[in-house]
Amino acid sequence: MEKKESDIESLFEPQSIAVVGASQDPRKLGYRVLENIVHGGYQNPVYPINPRGGAILGVPVFPELEAVDRCIDTAVIVIPAAFVFESIRSCAAKGVKHAVIITSGFAEVGNSEEEKKIASYARDHGVRILGPNIFGIYSAAASLNATFSTGVVTPGTIAIITQSGALGASMIGKTAVENMGVSAMVSVGNKADIDESDLLEYLLGQERTKVILMYIEGVRNGERLLGTLTTATRAKPVIVIKAGRSAKGAVAAASHTGSLAGSDEVFDDLMKQCGAIRAETINEAFKWCRFLSHNPLPKGDHTVIITNGGGIGVMCADACEKYGVPLYDDPAALGETYADVVPEFGSKKNPIDLTGQATTAAFDDALTAAGKSADTDAVIALACEVAVFDPENLSHLIEKHCREYKRNGKALAFSFVGGERMEHCIRTYSAQGYPVFGDVYEAVSCVGALYSYHRYLSRRPDEEVTADIDLARIDETVRGVLVDKRNFVLSDEAREIMDAARIPMPTGRIAHSLDEAIQHSEEIGFPVVMKVVS
Ligand code: ACO
């Protein structure tokens with residue numbers, strides 16, 4: 001069989017697929033994967049592989065890959081670890097482009113040698129490996145659900161790359177509950193070959209994917225990932241959840257997917273440098289994904305809070321500071337914009353306080369004024385349920401202004417607090433993907449994520465990200481060295497430079513006599529180390 005060149009696109013859009021280890025037994029993963037492919041709407045040929053033959057779910061079974069007389073793009077492997085290498089040999093012989101190895105029992109349990117053997121053989125024979133130790137791949141582009149997840153995946157605009165299979169599988173359920181459409185969901189597991197960078201390179205150019213969410217435990221080829229992320233974030237937002245932040249978490253990650261979690265501070269800084277937005281929880285990441293996929297990026301830094309409650313307005317202002325949402329602060333311009341919509345006893349300063357007497361009609365007027373104002377880039381509308389407030393009219397308000405704001409390129413988030421009627425409204429509209437939240441901090445965190453991405457994109461490409469380094473102090477020290485015509489720095493100068501660069505050093509002093517050395521040592525505290533400064 002003629003061997004075709006392997007590419008990641010065909011992993012997402014295979015022309016044919018085999019399931020090695022397809023089973024008649026509904027309790028086995030091999031049955032579940034086949035069932036999801038067959039019932040998930042995949043239109044191209046499917047080949048179940050099992051020595052027993054027969055048919056499963058009405059699809060004829062082949063005893064081995066080599067018995068299929070057509071090309072196979074992808075083979076999903078769901079057989080015990082001990083037989084996987086042989087199966088990869090068959091894949092290579094058959095010219096399979098991608099082997100999706102669901103099987104566990106490799107590097108994550110110390111069986112690294114077998115995993116390396118498989119990866120090395122596959123690489124030498126042109127088979128790309130996804131996994132092992134994964135739950136599979138879902139790709140809306142091919143209506144392909146080659147996973148053992150339960151439930152139906154709704155096609156949509158959010159791509160998810162996950163190192164944890166179980167988390168990924170449960171995210172499928174969560175996307176359904178949250179009514180979030182998914183463009184792709186890929187589990188990378190032990191990353192014997194294909195990693196996040198390979199997948200990002202494809203997804204960043206894929207039209208249907210608007211936002212990418214990544215769950216990472218450890219990074220192998222960090223430099224490549226940073227490069228790919230930098231390119232990807234220029235095209236679309238990438239939200240990253242990185243687990244293994246704590247010492248205990250890092251140990252757990254090592255035994256889960258064999259990952260080295262690395263320094264969390266370094267990871268955090270690197271993510272900022274390449275424009276990825278880091279979420280702490282799955283809930284937060286999901287909310288951000290949805291908000292970013294529905295809201296236009298703000299054109300500037302003018303966010304306005306509109307509220308009928310002073311207290312919730314204050315909380316919102318606090319949240320804006322926490323999440324880096326820039327509040328518009330021009331009393332003259334705000335006074336003019338809201339002159340006709342804020343009552344005498346209200347406030348036209350940001351937060352705009354319509355007061356407790358505001359009806360939904362008053363909110364409507366204020367949101368219209370903000371929507372028309374060229375000075376406003378984003379609005380956070382907060383409503384507390386008070387006696388004169390009429391939640392039944394909220395539907396009209398939400399639908400109308402979400403539509404209008406989107407058309408005018410402005411971001412909009414709602415947060416409502418109250419009884420059953422408000423809760424019902426939050427449930428109904430957030431389930432439909434509208435930016436309606438119960439918790440004001442949740443609403444602001446979404447706007448904050450949008451701003452974080454906006455700020456990154458607005459940064460000039462040549463603008464360097466610098467740490468808090470006192471360059472002037474370093475220059476001055478180095479100038480002294482040059483004046484002395486030296487080509488080395490003295491130890492106290494080195495210490496000065498390290499301090500200016502905020503690199504922590506053990507406390508140290510220069511002593512000119514034994515007595516001074518003893519005095520310094522007693523002040524510093526023991527044990528101390530002495531070295532000669534010549
Ligand atoms: N070619 C074709 N079929 C084969 C081959 C082969 N070389 N070898 C075995 N088979 C058949 C078997 O005969 C069996 O079919 P049958 O039901 O008709 O007898 C079928 O393939 C499956 O083989 P079993 O030996 O029954 O294996 P089982 O299904 O019990 O387990 C599995 C296989 C699921 C891959 C298991 O080894 C495993 O790794 N489980 C964990 C998977 C996992 O969790 N992955 C990570 C996901 S992410 C997460 O955290 C959830």
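Lys210 has its side chain out of reach of Cys289: every pair of non-hydrogen atoms, C-beta onward, lies at least 4.5 Å apart. At least one side-chain heavy atom of Tyr451 sits less than 4.5 Å from a side-chain heavy atom of Pro298. Using a 4.5 Å heavy-atom threshold, the side chains of Val188 and Leu130 count as touching. Between Leu144 and Asn44, the closest side-chain pair of non-hydrogen atoms is not below 4.5 Å. Between Thr162 and Val186 there is no side-chain heavy-atom pair separated by less than 4.5 Å. Considering only heavy atoms from C-beta on, Thr175 stays 4.5 Å or farther from Ile158 through its side chain. Proximity of Val240 to Val238: side-chain heavy atoms (C-beta onward) are separated by under 4.5 Å at one or more points. Counting heavy atoms from C-beta outward, Asp365 and Asp340 have side chains that stay 4.5 Å or more apart.
Between Glu420 and Arg427 a salt bridge is recorded (basic side-chain N to carboxylate O distance below 4.0 Å). Taking a cutoff of 4.0 Å between a charged side-chain nitrogen and a carboxylate oxygen, Glu201 and Arg224 qualify as a salt bridge. Ion pairing between a basic and an acidic side chain is recognised when a charged N comes within 4.0 Å of a carboxylate O; Asp353 and Lys348 show no such pairing. A salt bridge is absent between Asp377 and Lys299: the closest approach of a Lys/Arg side-chain nitrogen to an acidic carboxylate oxygen does not fall below 4.0 angstrom. Here Glu178 pairs with Lys287 in a salt bridge; the nearest charged N to carboxylate O distance falls below 4.0 Å. Between Asp268 and Arg278, at least one side-chain nitrogen of the basic residue sits less than 4.0 Å from a carboxylate oxygen of the acidic one, meeting the salt-bridge criterion.
Between Ser149 and Tyr138, the side chains place no donor N or O within less than 3.5 Å of an acceptor N or O (distance only, hydrogens not considered). If you check the side chains of Glu13 and Tyr202, you find a donor sitting under 3.5 Å from an acceptor. Side chains of Asp73 and Gln15: a donor-acceptor N/O pair is absent below 3.5 angstrom, by distance only. Glu217 and Tyr215 share a side-chain donor-acceptor pair at under 3.5 Å. Side chain to side chain, Asn145 and Thr147 meet the donor-acceptor criterion of an N or O pair below 3.5 Å.
Across Ala370 and Tyr338, no two heavy atoms sit closer than the pair CB-OH, 3.1 Å. Considering all non-hydrogen atoms of both residues, Leu226 and Thr230 come closest at O-OG1, 2.6 Å. Among all heavy-atom pairs drawn from Ala107 and Asn190, the shortest one is N-ND2, 3.5 Å. Between Ser415 and Asp439, the shortest heavy-atom contact is OG-C, 3.7 Å. Taking each heavy atom of Gly371 and Asn408 in turn, the nearest pair found is O-ND2, 4.1 Å. The two atoms that bring Leu450 and Pro296 nearest to each other are CD2-O, 3.6 Å, heavy atoms only.
Atom CG in Leu397 sits 9.0 Å away from atom SG in Cys402 (nearest 0.5 Å). We find the CH2-OG distance between Trp288 and Ser452 to be 7.5 Å, quoted to the nearest 0.5 Å. We find the CZ-OG1 distance between Phe286 and Thr281 to be 10.5 Å, quoted to the nearest 0.5 Å. One distance of note links OG1 of Thr228 with CG of Leu203; it measures 11.5 Å at 0.5 Å rounding. Separation of atoms NZ (Lys236) and OG1 (Thr209) is listed at 5.0 Å; rounding is to 0.5 Å. Atoms CD and NZ, on Gln163 and Lys191 in that order, are 3.5 Å from each other to the nearest 0.5 Å.
The number of heavy-atom neighbours closer than 6.0 Å to NZ of Lys372, taken from other residues, nucleotides and ligands shown, is 12 or below. Atom CD of Glu336 has 12 or fewer neighbouring heavy atoms from other residues, nucleotides or ligands inside a 6.0 Å radius. Other residues, nucleotides and ligands place no more than 12 heavy atoms under 6.0 Å from the NE2 atom of His424.
Side chain of Asn179 to main chain of Ala431: a donor-acceptor pair is present (N/O by atom type, distance under 3.5 Å, no hydrogens or angles). A distance-only check finds no donor-acceptor pair linking the side chain of Ser430 to the backbone of Phe437 [under 3.5 Å]. Side chain of Lys406 to main chain of His294: a donor-acceptor pair is present (N/O by atom type, distance under 3.5 Å, no hydrogens or angles).
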*List the steps and the verdict of side-chain contact (heavy atoms from CB on, under 4.5 Å) for Val478 and Ile497.*
CA-CA 9 Å; Val478 173; Ile497 292 170; 4.3 Å; yes
*Are Ile134 and Ile101 close enough, and set up right, to give a side-chain contact (heavy atoms from CB on, under 4.5 Å), and what steps lead you there?*
CA-CA 7 Å; Ile134 59 172; Ile101 307 179; 5.8 Å; no
*Please step through side-chain contact (heavy atoms from CB on, under 4.5 Å) for the pair Asp470 and Asp499, ending with a clear verdict.*
CA-CA 9 Å; Asp470 188 347; Asp499 191 46; over 6 Å; no
_Could you walk me through whether Met185 and Ile137 satisfy the side-chain contact (heavy atoms from CB on, under 4.5 Å) test, starting with their C-alpha distance in whole Å, then the side-chain angles of each, then the deciding distance to 0.1 Å, before giving a yes or no?_
CA-CA 6 Å; Met185 170 95 80; Ile137 175 169; over 6 Å; no
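By the ring pair (Phe, Tyr, Trp, His ring centres under 6.0 Å) test, Tyr429 is found to be paired with Tyr434, residues two or more places apart in sequence or in another chain being considered. For the salt bridge (Lys or Arg N to Asp or Glu O under 4.0 Å) test, residues two or more places apart in sequence or in another chain that qualify with Glu404 are Arg407. In terms of the ring pair (Phe, Tyr, Trp, His ring centres under 6.0 Å) criterion, Tyr453 has no residue partners (sequence neighbours excluded). Checked against side chain to side chain contact (heavy atoms under 4.5 Å, CB included), Ala381 has the following partners two or more places apart in sequence or in another chain: Leu367, Phe414.
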Taking distance alone, no hydrogens or angles, what donor-acceptor pairs closer than 3.5 Å link side-chain atoms of residues 354-364 to residues at least two apart or in another chain?
{"from": "Thr355", "atom 1": "OG1", "to": "Gln357", "atom 2": "N", "distance (Å)": "3.4"}
{"from": "Thr359", "atom 1": "OG1", "to": "Ala361", "atom 2": "N", "distance (Å)": "3.3"}
{"from": "Thr359", "atom 1": "OG1", "to": "Ala362", "atom 2": "N", "distance (Å)": "3.3"}
{"from": "Thr360", "atom 1": "OG1", "to": "Asp390", "atom 2": "OD1", "distance (Å)": "2.9"}
{"from": "Thr360", "atom 1": "OG1", "to": "Asp390", "atom 2": "OD2", "distance (Å)": "3.3"}
{"from": "Asp364", "atom 1": "OD1", "to": "Lys400", "atom 2": "NZ", "distance (Å)": "3.0"}
{"from": "Asp364", "atom 1": "OD1", "to": "His401", "atom 2": "NE2", "distance (Å)": "2.6"}
{"from": "Asp364", "atom 1": "OD2", "to": "Lys400", "atom 2": "NZ", "distance (Å)": "3.4"}

Throw together a table of side-chain donor-acceptor distances under 3.5 angstrom for residues 320-331, partners on residues two or more places apart or in other chains.
{"from": "Tyr328", "atom 1": "OH", "to": "Asp375", "atom 2": "OD2", "distance (Å)": "3.4"}
{"from": "Asp330", "atom 1": "OD1", "to": "Ala332", "atom 2": "N", "distance (Å)": "3.3"}
{"from": "Asp330", "atom 1": "OD1", "to": "Ala333", "atom 2": "N", "distance (Å)": "3.2"}

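Each of Asp7, Asp193, Asp195 was compared with Arg128 under the salt bridge (charged side-chain N to carboxylate O under 4.0 Å, His left out) criterion, and only Asp193 meets it.
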